[in-house]
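Taking it in order: structure first as structure tokens, then the write-up.
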Amino acid sequence: MKRWLAATGLSTVLLMGACSTESPVSEGNDNEGTEGSSEDFTVGFSVSTLNNPFFVTLEEGAEVKASELGLDLVTVDAQDDSSKQISDVEDLIQRGVDLIIINPTDSSAVTAAIEAANNADIPVITVDRGADGGEVVTHIASDNIAGGELAGELMVELVGEGAKVAELEGLPGSSAARERGEGFNNIAEDSLDVVAKQTANFDRAEGLTVMENILQGNSDIEGVFAHNDEMALGALEAIEAAGEDIVIIGFDATTDAVEAVGDERMAGTVAQQPTVIGYEALEAANSVLNGEDVEDFIPVDLELIKK
């Protein structure tokens, strides 16, 4: 297994003049931590979007752990825009951060940003979604394929063999969408009839619109699997407005989705523990920055929450 051993004297990139007078970077904490290292390190964190409760929770977990470890965390929001994410990472590089954590918007497009960091000798960690290229120290995530399989097994249990179901897919190009879909279809291929499959880009409003369109052409579907809870909650709005009784299963276990499961409006959601992912990311960053080995992949346990 390949490992990365980072020297404590990491080279930094000199700040260069920028075209804009404003930087997309917002400072996190600069507290001295009780568990901190002997050096003052700055960690950049590029998040795919802070308009999604899951990633807000993940970032909050990272902030807490950074404070405990005495690391300065600088967070940037890509706003689900791959071009902005690349620009944000370039800005972090120019600022001379010591390590960059990336939650990719697009697993392929993010390669350019990772390679830019590699060329600047800045180690990179990916979280939740993986990258298709570039040198990454470690990847921290749940097993999305296994999570999709959990959702598929629950769907079969609730709607029965051969039932007609729909699938709301996440952002095209993201590893999370590919893997969750793969896991679900590993089960659905032999046990369910997936009559509709359409992307709603991990977005609640799009989930509602896409679900409305699916219902118009497939009035007999019995279940819906959404690659995240935001889309599932959008689908829930559309289904309730249409007066239909359809099994809905999401992914992420956001607060709203867990409440919907408790109220028996959703059948289930796969819990990823974003706070733990944030904690693990900063723990790994601290280890790398202090010259310690880290595993190529750090898994975070999944849990199926159902009514």
For the pair S107 and D132, evaluate side chain to side chain donor-acceptor pair (under 3.5 Å) and give the outcome as yes or no after the intermediate values. CA-CA 6 Å; S107 297; D132 293 342; 4.8 Å; no
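- Looking at N201 and E206, their side chains do bring a donor and an acceptor atom within 3.5 Å of each other.
- In this structure the side chain of N228 never reaches within 4.5 angstrom of the side chain of F54, judged on heavy atoms.
- Of the residues listed (L233, N51, N52), the one engaging R204 in a side-chain contact (heavy atoms from CB on, under 4.5 Å) is L233, and it is the only one.
- A continuous path of ILVMFWY side-chain contacts below 4.5 Å connects L289 to L69, so both sit in one hydrophobic cluster.
- Closest approach of G162 to D193, counting heavy atoms only: O-CB, 3.9 Å.
- Of the possible donor and acceptor atoms, none in the side chain of E169 sits under 3.5 Å from a partner among the backbone N and O of G181.
- Residues D80 and F202 are not in side-chain contact: their nearest non-hydrogen atoms beyond the backbone lie 4.5 Å or more apart.
- Following chains of ILVMFWY side-chain contacts shorter than 4.5 Å, one cannot reach I246 starting from I249, and the two form parts of different hydrophobic clusters.
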Side chain to side chain contact (heavy atoms under 4.5 Å, CB included), that's the test. Do T126 and I114 meet it? Break it down for me. CA-CA 10 Å; T126 52; I114 295 173; 4.3 Å; yes
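- Across every non-hydrogen atom of I214 and A166, the tightest pair is CG2-CB, 4.1 Å.
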V47 vs L58, side chain to side chain contact (heavy atoms under 4.5 Å, CB included): CA-CA, chis, key distance, verdict: CA-CA 9 Å; V47 184; L58 193 160; over 6 Å; no
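- None of E222, E157, M266, M155 except one satisfies the side-chain contact (heavy atoms from CB on, under 4.5 Å) rule with V247; the exception is M155.
- Here the CD1-CD distance, from I221 to E167, works out to 12.0 Å after rounding to the nearest 0.5 Å.
- Contact of the V76 side chain with the K84 side chain is not registered, since no non-hydrogen atoms from C-beta on lie closer than 4.5 Å.
- Under a 3.5 Å cut-off, the side chain of N119 and the backbone N or O of E115 do form a donor-acceptor pair.
- Minimum interatomic distance between L302 and S142 (heavy atoms only, all atoms of both residues): CD2-CB, 3.4 Å.
- Ring pair F184/F225 is parallel by interplanar angle, where below 30° counts as parallel and above 60° as perpendicular.
- Here the side chains of V74 and L92 are in contact, with some heavy-atom distance below 4.5 Å.
- Proximity of Q85 to I102: side-chain heavy atoms (C-beta onward) are separated by under 4.5 Å at one or more points.
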Step-by-step side chain to side chain contact (heavy atoms under 4.5 Å, CB included) determination, H227 to F251: CA-CA 6 Å; H227 290 186; F251 205 118; 5.8 Å; no
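- When hydrophobic clusters are built by joining Ile, Leu, Val, Met, Phe, Trp and Tyr residues whose side-chain heavy atoms come closer than 4.5 Å, directly or via intermediates, M211 is not grouped with V159.
- Proximity of K197 to N185: side-chain heavy atoms (C-beta onward) are separated by under 4.5 Å at one or more points.
- Within 6.0 Å of CG in D245 there are 12 or fewer heavy atoms belonging to other residues, nucleotides or ligands.
- Judged by distance alone, the side chains of Q198 and N213 never bring a donor and an acceptor atom under 3.5 Å apart.
- Residue A188 comes nearest to V194 through the heavy atom pair CB-CG2, 3.9 Å, listed as atom of the first residue, atom of the second, then distance.
- In this structure, G134 and T111 approach most closely via the heavy-atom pair N-CG2, 3.9 Å.
- Residues N103 and I277 have side chains not in contact (no heavy-atom distance under 4.5 Å, counting atoms from C-beta outward).
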Hey, mind stepping through L150 and E153 against side chain to side chain contact (heavy atoms under 4.5 Å, CB included) and telling me if it holds? CA-CA 5 Å; L150 284 174; E153 290 164 357; 4.1 Å; yes
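- Interatomic distance, CG of D81 versus CG of D106, reported as 10.5 Å (0.5 Å rounding).
- Using a distance-only test at 3.5 Å, with no hydrogens or angles considered, no donor-acceptor pair links the side chain of S67 to the main chain of E63.
- Within the 4.5 Å cutoff, side-chain heavy atoms of V156 are placed close to those of L192.
- Distance check: I187 CD1 to E149 CD gives 5.0 Å after rounding to the nearest 0.5 Å.
- The closest side-chain donor-acceptor pair between D229 and T269 falls under 3.5 angstrom.
- E280 contributes atom CD, which lies 6.0 Å from atom CD1 of I298 (distance to the nearest 0.5 angstrom).
- Between the side chain of R129 and the backbone N or O of P104 there is at least one donor-acceptor pair closer than 3.5 Å.
- Rounding to the nearest 0.5 Å gives a distance of 10.0 Å between CG of L208 and CD1 of I239.
- Cluster membership for I125 and L73, using ILVMFWY side-chain heavy atoms within less than 4.5 angstrom, is shared.
- Here CG of L71 is found 9.5 Å from CD of E283. Values are rounded to the nearest 0.5 Å.
- Under a hydrophobic-cluster definition in which Ile, Leu, Val, Met, Phe, Trp and Tyr are linked whenever side-chain heavy atoms come within less than 4.5 Å, directly or via other members, I86 and L50 are assigned to different clusters.
- The shortest heavy-atom contact between A285 and V43 is CB-CG2, 4.4 Å.
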